[in-house]
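Have a look at the structure below, then the notes.
Residue numbering restarts at 1 for every chain, and letters A, B, ... go by the order of the sequence lines.
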Number of protein chains: 2
Amino acid sequence: MKTSLVAVDLHGQGCADCAVRGFSVCASLDQFEMREFEHLSRRVSFASCETVFAQEDTSSFFYNLLDGVMRLYKLLPDGRRQIVGFVLPGDFVGMTTEERHGFSADAIGPVTVCQFAKMPFGRFAEDKPNLLRRMNELAVQELNQARDHMVLLGRRSAEEKVATFLVGWRDRLVELRGPSNMVPLPMSRQDIADYLGLTIETVSRTFTKLEREGIIAILPGGVSLRDSARAEALAAA
Amino acid sequence: MKTSLVAVDLHGQGCADCAVRGFSVCASLDQFEMREFEHLSRRVSFASCETVFAQEDTSSFFYNLLDGVMRLYKLLPDGRRQIVGFVLPGDFVGMTTEERHGFSADAIGPVTVCQFAKMPFGRFAEDKPNLLRRMNELAVQELNQARDHMVLLGRRSAEEKVATFLVGWRDRLVELRGPSNMVPLPMSRQDIADYLGLTIETVSRTFTKLEREGIIAILPGGVSLRDSARAEALAAA
DNA sequence: GCCGGTCTTTGATTCAGATCAATGCAGGTT
DNA sequence: AACCTGCATTGATCTGAATCAAAGACCGGC
């Protein structure tokens with residue numbers, strides 16, 4: 001009886017009641033596969049700012065974000081940082097065939113993940129075309145996002161960068177939580193700067209500029225998109 | 001007899017003698033699968049500067065580069081261009097589940113590709129875990145490259161960008177053609193600029209600077225890495 | 001409420017890289 | 001050889017964002 005309880009706890013209350021069940025890789029599994037899959041996973045929580053995995057770590061786990069927000073980033077030897085993405089619930093992280101992750105992930109605020117050991121996951125996925133196709137789909141999606149971000153980093157002005165970020169972040173939240181022009185920003189200004197290839201001062205000044213222009217209102221913990229048409233125009237431009 | 005000849009021609013002299021057979025997605029197929037696969041593909045050639053597919057095109061084909069070099073790029077409405085990658089023989093291009101490509105590809109010099117119609121390819125791949133896993137591997141590899149490039153675009157100086165590009169391009173050529181410090185650059189300075197998020201003038205000045213410092217020698221059609229240790233140091237920094 | 005820390009905003013100044021403007025330099029054509 | 005034409009290089013100048021330097025603002029802990 002005790003073992004069973006522990007097991008349930010370790011495997012995280014099962015997938016049946018999982019908030020991200022319909023998204024992520026799980027969406028591709030039928031109920032029998034799901035049952036088996038359940039035993040490969042483990043729910044793990046991290047406190048704010050804790051590191052889930054680091055650049056140089058051996059990549060022994062995959063993660064499915066259940067709750068909270070994470071940042072993924074790469075560090076240069078001299079400490080310069082580039083954030084390569086923010087992770088929201090339902091996102092799948094750490095997919096790789098390489099020995100090491102190549103980037104770090106840490107929690108922005110408290111976070112709960114569904115963790116899979118790489119090896120058993122690999123064995124499970126090996127002969128499941130549905131799951132493999134789904135993983136492909138997700139990888140390709142991420143690749144498209146990455147390419148869009150390259151355009152932003154290489155060819156856009158500070159104002160365009162910030163507007164694009166705000167619109168993009170809002171759109172992701174809308175998909176997750178439904179429409180709203182209030183855009184919570186759990187990450188710091190420094191995080192935003194490191195995501196957009198700017199300095200914290202430039203991000204701050206650009207926020208102020210967008211507010212002066214009536215495009216946004218700066219609120220504690222986020223912004224409100226006052227004139228999303230103009231913000232979107234800046235983002236598309 | 002005639003039909004057979006035409007078919008052989010259309011399907012491109014078969015896969016058996018294909019130069020990139022051991023690389024790309026093909027590496028995951030056994031000889032029987034290869035036989036079937038052969039009939040899905042068609043060799044197509046493009047002249048220098050011809051467009052293989054455009055950003056807004058419906059993505060009806062995948063491509064496997066057999067010979068030549070291509071550039072992949074995204075255009076902003078106002079004409080700013082970001083090159084998201086250069087393609088060398090063996091590289092697989094156009095993998096996507098989206099309706100449209102989202103980026104353009106054109107030939108730098110004459111090019112030959114192995115072209116697959118998306119639909120029959122999809123049906124063929126559907127239940128082949130080996131092939132699906134291989135495609136995953138390739139997608140993840142590209143994603144890692146894309147993330148490295150984000151760091152370059154967002155956080156590195158002009159000199160570091162150029163050095164990183166030269167070292168990275170040399171390494172890809174070494175893998176393909178064996179070791180050499182002579183680095184042919186089939187793309188124009190403008191292409192390099194649009195890849196690195198710089199202007200053509202800055203690229204040119206940086207080449208000159210690297211030459212003055214004794215790190216490279218500028219030759220017609222390329223450069224020679226005179227001091228690859230120092231170039232690599234700049235690239236890693 | 002007050003204190004000490006961290007994060008954000010604002011201001012002054014600098015600088016790397018962009019822009020503007022020639023000039024140089026091949027490869028092809030007549 | 002003389003003349004294009006499309007790169008590539010070099011020079012002069014400008015500017016957007018970085019850097020340097022203070023203030024504010026916003027906590028959480030007593």
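- Per the geometry, CD belonging to B:Gln190 stands 9 Å off P belonging to D:dA8, to the nearest Å.
- Atom CD of B:Glu175 is surrounded by 12 or fewer heavy atoms from other residues, nucleotides or ligands within 6.0 Å.
- The residue from B:Tyr63, B:Phe62, B:Phe46 that alone fulfils the ring pair (Phe, Tyr, Trp, His ring centres under 6.0 Å) condition with B:Phe53 is B:Tyr63.
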- Query: In B/S/- notation, 5' to 3', how is nucleotides 12-29 of chain D contacted by protein heavy atoms closer than 4.0 Å?
  - Reply: B----SSBB---------
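- Heavy-atom neighbours of A:Arg172 CZ from other residues, nucleotides or ligands within 6.0 Å: above the threshold of 12.
- Under the rule for a salt bridge (charged side-chain N to carboxylate O under 4.0 Å, His left out), A:Asp57 has no partner lying at least two apart in sequence or in another chain.
- Of all the residues in residues 74-87 of chain A, not one reaches under 4.0 Å from DNA chain C with any non-hydrogen atom.
- Ring-centre distance between B:Tyr73 and B:Tyr195: not below the 6.0 Å cut-off.
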Using a cut-off of under 3.5 Å, enumerate the N/O to N/O pairs linking the protein to nucleotides 5-7 of chain D.
none

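- Applying the salt bridge (charged side-chain N to carboxylate O under 4.0 Å, His left out) criterion to A:Lys118, with sequence neighbours excluded, gives no partner residue.
- Between B:Lys161 and B:Val203, every side-chain heavy-atom pair lies at or beyond the 4.5 Å cut-off.
- Helix-axis bend for the helix from C:dG1-D:dC30 to C:dT30-D:dA1: the local axis fitted to the five terminal pairs at one end deviates from that at the other end by 30°, rounded to 10°.
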